[in-house]
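Proteins get letters first, then strands, A, B, ... in listed order; numbering begins at 1 in each. Here the structure is a predicted model, which is why all the values come from computation and not from measurement.
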Amino acid sequence: MFDRSCNVFALNNFLNVIMIWSMSKYPFNEIEAKWQKYWEENKTFKTTEDPSFPREKRKYVLDMFPYPSGAGLHVGHPEGYSATDIWSRFMRMNGYNVLHPMGFDAFGLPAENYAIKTGTHPYVTTKKNIENFTRQLKSLGFSYDWDREISTCDEDYYHWTQWIFKKLYEKGLAYEASTPINWCPSCKTGLANEEVKEGRCERCGAKVEKKNIRQWILRITAYADRLLEDLDDLDWPESVKAMQRNWIGRSEGAAVFFKLENMDETLEVYTTRCDTLFGATYMVIAPEHPLVSKLTTPEQKDAVGKYLEEVKHKSDLERTDLAKEKTGVFSGSYAINPVNGSRIPIWIADYVLISYGTGAIMAVPAHDDRDWEFAKQFDLPIIEVLKSEVDVQKQAWTEDGIHVNSQWLDGLNKQEAIDKMLSWLEEHKCGHKAVNYKLRDWIFSRQRYWGEPIPLVHCPKCGTVTVPDDELPLTLPEVEKYEPSGTGESPLVNVDSWVNCKCPVCGGPAKRETNTMPQWAGSCWYYLRYIDPHNDKCFCDPEKEKYWMPVDLYVGGTEHAVLHLLYARFWHKVLYDFGLVSTKEPFQRLVNQGMITSFAYQKKNKSLVPVDKVEETADGKFIEKETGEEVTQVIAKMSKSLKNVINPDDYIKNYGADSVRMYEMFMGPLRESKPWATNGFMGVYRFLDRVWRIITEKTIVDDAPSAELDKLVNRTVKKVTEDTKDLNFNTAISQMMVLANELNKLEQVPKSALETFALLLSPYTPHLAEEMWEILGHKPSISKEKWPEYDEAKCVDDEVEIVVQINGKLRSKLMLPLGADRESVIAAAKADEKTKSWIDGKTIVKEIVVPNKLVNIVIR
RNA sequence: GCGAGAGUGGUGAAAUUGGUAUACACGCUAGUCUUAGGAACUAGUGCUCUCAGCGUGCGGGUUCAAGUCCCGCCUCUCGCACCA
């Protein structure tokens, strides 16, 4: 192609230097633009429901679609998206029909908050951001079928989000209630339990308050058991399954009814240890318990009132702080222990939560840390009922033990005692077996503008009625002010023309529901819409749904473990119960990509120093510029304050999308978190540059490859095939580097080797591979070619290195023919000079031969 | 406290069913070349007291053989957390 040496003699040195430079530099810019244009114009990745592909030759490969933020893609996006793209391209080349779509999770607070600040309609901002995301995604060369692109804020899309909500409503799975809910004072909206992390709003970090407002709630608890059981059949990371199990929090125990002294009421508690009932020395009800006022005696009224006031002013965060001292107040009333008739004082304390069980407990201080602490605080009696290895007056015994002080349970173990107590309770009608969940119903309404309107109408005569199907989509009206009222009503309240409507049933005046749906609504079913994105008759054609579902591979970050992934499973199960989808579960296989972190620097006092405040010395140490203090390099999350945020756009621009894709796959195992190292990135860039020089500067010959090269090519095909299939992209890439390094040593490169190499590269660096394919004289697109095969026989050597161990220690190495038998291996080992010097004069106890690997001679 | 996962060179990391620890890449050292570029090429690079010994967080164990299996610890990351 281009001969470097002649340029030394050229007259116009300057120009030639520029030429050498530009010619030998890998021209990713032109190559990538060229092939992106080709793919787009030729709709190379358009997917149809082609019936000629049998069931097992179809794959649905899904990415978690992005929220189109103003900041654009971050480095985490190309990680998961490259992984699914590589797999999709690989599967296509292996004869699969692959559905690989992309869209946008486009409703959400940032666009709305921006609208409040600037008055720009969220739709305008969102559209602009989507355009930018689309540009970025296309610049990475992902093989999406862009004809299937969706956006949750489009009317055509949320039409069906509303339609599915109606289904939930019709089934009694959506209900209206006025209960104390999590309220974010900063976002001015209610939140689901799943959106509260450590007592703070997941989105903005503000302390969450309790607020009593009217809400639409989805009865996800009705599906708790199925959401739990069906996890078993999913090919998901154990950690995500564990998080969902934990969140659903099923526990088995007993409901126990306590009669109240001098009152015609019973107090029901939930306990997992009904066998410890003889040790119950007091009871506690939550401050919000409905019986609080009834149980409060006149003498205790002032104290209780004061306590309730105190509790009211605590945030959730303060209430659940484990380190704080237990607080509480005596109600003045007593309950009767059903098993022994003893009087038990009833206390009110905020360590008991109204949201779990019945909001009331029987306290067994001898065997529960929290109850013990409370008993000590308020000087309540502690009775040992499980044989303890400690003095229960000094600390609680929370391990198992044989029952004592428990009359007819004495001497029994835990399970025997529980069973016996349960029968006793049921026989005496003062209790029964019970199951409890931590999972709460899903607070579904948001007091905000930028979301799907809930398709319901409130009629003074007919009550709550649904908007008829032919009036869907119920579109979001224009508003003048996006600011939420903060009183628990959405900005839609102010749009009289929209709010006031006719009742669809009686035709009389009625009002629309003004709350909107949470951002999660759209993502609960988007994977179904990709299957049939332009259908205006239904959300998804049932035949097409059967063609593709369930999703075969779903890749995304771990942050949705109990949010999106739980909600979507719930909606899917509801649709399944309606017969609208054919699978019980939406996502058969889930893979969490690890987070891409960055480096930062840490001082002796453990504080972190931003990257730009540190310099590296000649001997490889890191010094804080200002103070001269030596700092250590540590791995940290990317953050603006540490100045270590990597913007993928910069790297795409300066080094090309293929380098970004390949580096993110080369960094380490997909599932693990790993730091971005720009030096490592440059290594991958240099690798692609080398590949480019091989294809453009070496002489390409039609000769068959040497036996040695042929072996390496076959081995490379084998390794890349197996590793790509298993998502072990980092090791597949390292093998391709080995091949490139060998090819680079040759003067003349056989064409067949380069063809195979281009095919192997094509899922990883599709632009470069297309260009190579064309240079090698083929018609595009390489993505339509068949994946190369390998000959297993050619992957092994005729001669193998056999390791000689003496007593398990490596002492020598031999070259022997492949498949050499036990006797000849031992004979060869004994004939070896080095080995001889070790075994001479010693007694051989044992000889172990691992075929083609090693021989171990055990001597004494 | 409960649950999940991870500890291997100076760094990111490799290592099918137990069978040569450190592939590949970065960095570093030396050299070649060069109008100097996050260039290319060649050689080297776990540690040490170098005919050998020691090395996969620590301590034991099983085995001819342990990064891998078993037991007991330690550290770190993530999630949940007064859940009765």
TODO: Give Ser673(A) one of three labels, base, sugar-phosphate or nothing, depending on what nucleic acid heavy atoms sit under 4.0 Å from its own.
DONE: sugar-phosphate
Polar-atom pairs under 3.5 Å, protein N or O versus N or O of nucleotides 51-55 of chain B: list them with distances, or write none.
| from | atom 1 | to | atom 2 | distance (Å) |
| --- | --- | --- | --- | --- |
| G53(B) | OP1 | Arg811(A) | NH2 | 3.1 |
| G53(B) | OP2 | Arg811(A) | NH1 | 3.1 |

- [ ] Establish, with yes or no, whether the OP1 or OP2 oxygen of G12(B) is under 4.0 angstrom from a side-chain nitrogen or oxygen of Asn679(A).
- [x] no
TODO: Ignoring the backbone of Tyr356(A), work out which of A13(B), G27(B), A84(B) is nearest its side chain.
DONE: A84(B)
Open item on the list: Could you tell me how far U29(B) sits from G10(B) if I compare only their C1' atoms? Round to whole Å.
Closed with: 13 Å
- [ ] Would you mind telling me which of A84(B), G38(B), G12(B) lies closest to the side-chain atoms of Lys674(A)?
- [x] G12(B)
- [ ] Could you check how far CZ of Arg245(A) sits from C1' of G79(B), rounded to whole Å?
- [x] 15 Å
TODO: Using the C1' atom as the reference point in each nucleotide, state the distance between U63(B) and A30(B) in Å, no decimals.
DONE: 45 Å
- [ ] Would you mind telling me which of G38(B), A4(B), G12(B) lies closest to the side-chain atoms of Glu238(A)?
- [x] A4(B)
TODO: Could you check Lys637(A) against Tyr437(A) and say which one's nearest nucleotide on RNA chain B is further toward the 5' end?
DONE: Lys637(A)
- [ ] Mind calculating the distance between CZ (Phe687(A)) and C1' (C26(B)) to the nearest angstrom?
- [x] 15 Å
Task: OP1 or OP2 of A84(B) under 4.0 Å from side-chain N/O of Ser251(A) - done: yes
Open item on the list: Is the ring pair Phe681(A)/Trp676(A) parallel, tilted or perpendicular, if the boundaries are 30 and 60 degrees?
Closed with: parallel
Open item on the list: Please determine whether ring-ring contact (aromatic ring centres under 6.0 Å, His included) holds for the pair His560(A) and Tyr567(A), giving the CA-CA distance in whole Å, both sets of side-chain angles, and the decisive distance to 0.1 Å.
Closed with: CA-CA 10 Å; His560(A) 296 300; Tyr567(A) 296 150; over 10 Å; no
Task: Donor-acceptor pair under 3.5 Å, Tyr663(A) side chain vs G12(B) base - done: no
Open item on the list: Between P on C64(B) and CD1 on Ile859(A), what's the gap in Å once rounded to a whole number?
Closed with: 15 Å
Task: Lys/Arg N to Asp/Glu carboxylate O, Glu202(A) vs Lys197(A), below 4.0 Å - done: no
Task: N/O donor-acceptor pair, side chain Lys326(A) with base C82(B), under 3.5 angstrom - done: yes
Open item on the list: Judged by each residue's nearest nucleotide on RNA chain B, which is more toward the 5′ side, Asn807(A) or Thr678(A)?
Closed with: Thr678(A)
Task: Pairing of Lys745(A) and Glu742(A) as salt bridge, 4.0 angstrom limit - done: yes
- [ ] Using the P atom as the reference point in each nucleotide, state the distance between C70(B) and A6(B) in Å, no decimals.
- [x] 13 Å
Open item on the list: Checking Thr358(A) against Glu268(A): is there a side-chain donor and acceptor pair closer than 3.5 Å?
Closed with: no
- [ ] Using a 4.0 Å heavy-atom cut-off across all strands, classify Val352(A) as base, sugar-phosphate, or nothing.
- [x] base
Open item on the list: Would you measure the distance from the P atom in U20(B) across to the matching atom in A84(B) and give it in whole Å?
Closed with: 48 Å
Task: Separation of atom CZ in Phe681(A) from atom P in G27(B), rounded to whole Å - done: 14 Å
Task: Whole-Å C1' distance, G59(B) and A66(B) - done: 16 Å
Open item on the list: Regarding Asn744(A), tell me which of base, sugar-phosphate or nothing describes its non-hydrogen contacts under 4.0 Å with the strands shown.
Closed with: sugar-phosphate
Task: Shortest side-chain distance from Phe666(A), nucleotide among A4(B), C80(B), G12(B) - done: G12(B)
Task: Paired and unpaired positions of RNA chain B as dot-bracket, Watson-Crick or G-U wobble under 3.5 Å, | denoting a partner strand - done: (((((((..(((......[....)))((((((.......))))))(((...)))..(((((..]....))))))))))))....
Open item on the list: By the rule that syn is within 90° of 0, classify the base conformation of G9(B) as syn or anti.
Closed with: syn
Open item on the list: Roughly how many Å apart are A13(B) and G67(B), using the C1' atom of each and rounding to a whole number?
Closed with: 14 Å
- [ ] Determine, stepwise, if the pair Ser812(A) / Asp832(A) fulfils side-chain hydrogen bond (donor to acceptor under 3.5 Å, both in side chains).
- [x] CA-CA 8 Å; Ser812(A) 185; Asp832(A) 176 62; 2.7 Å; yes
Open item on the list: I'd like to know if the side chain of Lys813(A) reaches the main chain of Ile802(A), judged simply by a donor and an acceptor atom lying under 3.5 Å from each other, with no hydrogens or angles considered.
Closed with: no
TODO: Check every strand shown and say whether Ala677(A) touches a base, only sugar-phosphate, or nothing at a heavy-atom separation below 4.0 Å.
DONE: nothing
- [ ] For residues Ala732(A) and Thr724(A), report the shortest heavy-atom separation together with the two atoms involved.
- [x] CB-OG1, 4.1 Å
TODO: Classify the angle between the aromatic ring planes of Phe378(A) and Phe374(A) as parallel (below 30°), tilted (30 to 60°) or perpendicular (above 60°).
DONE: tilted
Task: Atom-to-atom span, CD of Gln633(A) to P of C28(B) - whole angstrom - done: 13 Å
Task: Selected nucleotide, minimal atom distance to Tyr351(A) side chain, candidates G79(B), C82(B), A4(B) - done: C82(B)
- [ ] Give the rounded distance in Å between these two atoms: CZ of Phe374(A) and P of A84(B).
- [x] 18 Å
TODO: Describe the nucleic acid contact of Asp368(A) in one word from base, sugar-phosphate, nothing, applying a heavy-atom distance below 4.0 Å.
DONE: nothing
Open item on the list: Would you measure the distance from the C1' atom in A23(B) across to the matching atom in C71(B) and give it in whole Å?
Closed with: 33 Å
- [ ] Take the protein atom CD of Gln244(A) and the nucleotide atom C1' of C2(B), then report the distance between them rounded to whole Å.
- [x] 18 Å
Task: Pairwise C1' distance, G55(B) and C49(B) [rounded to whole Å] - done: 16 Å
Task: Listed nucleotide nearest any side-chain atom of Thr272(A), set A40(B), C82(B), A84(B) - done: A84(B)
TODO: Round to a whole Å and report the spacing from CZ of Arg686(A) to C1' of A25(B).
DONE: 9 Å
Open item on the list: Does C80(B) have its OP1 or OP2 closer than 4.0 Å to a side-chain nitrogen or oxygen of Lys438(A)?
Closed with: no
Open item on the list: Show the nearest heavy-atom pair for residues Ile220(A) and Arg440(A), with the distance to one decimal.
Closed with: CG2-O, 3.4 Å
Task: Lys241(A) NZ: over 12 foreign heavy atoms closer than 6.0 Å - done: yes
Identify the pairs formed between an N or O of the protein and an N or O of nucleotides 14-22 of chain B at a distance under 3.5 Å, and give each distance.
| from | atom 1 | to | atom 2 | distance (Å) |
| --- | --- | --- | --- | --- |
| A14(B) | OP1 | Asn730(A) | ND2 | 2.7 |
| U20(B) | O2 | Lys813(A) | NZ | 3.1 |
| U20(B) | N3 | Glu801(A) | OE1 | 2.8 |
| U20(B) | O4 | Glu801(A) | OE1 | 3.1 |

Open item on the list: Under a plain distance cut-off of 3.5 Å, with no hydrogens placed, do Tyr26(A) and Ser659(A) share a side-chain donor-acceptor pair?
Closed with: no
Task: Whether over 12 other heavy atoms sit under 6.0 Å from Met595(A) CE - done: no
Open item on the list: Check Glu792(A) with Lys718(A), please: is the shortest side-chain N to carboxylate O separation under 4.0 Å?
Closed with: yes
Open item on the list: Please classify the glycosidic conformation of U77(B) as syn (within 90° of 0) or anti (everything else).
Closed with: anti
Task: Arg715(A)/Asp797(A) ion pair, N-O < 4.0 Å - done: yes
- [ ] Please tell me which of the listed nucleotides, C24(B), C41(B), C82(B), lies nearest to the side chain of Asp350(A)?
- [x] C82(B)
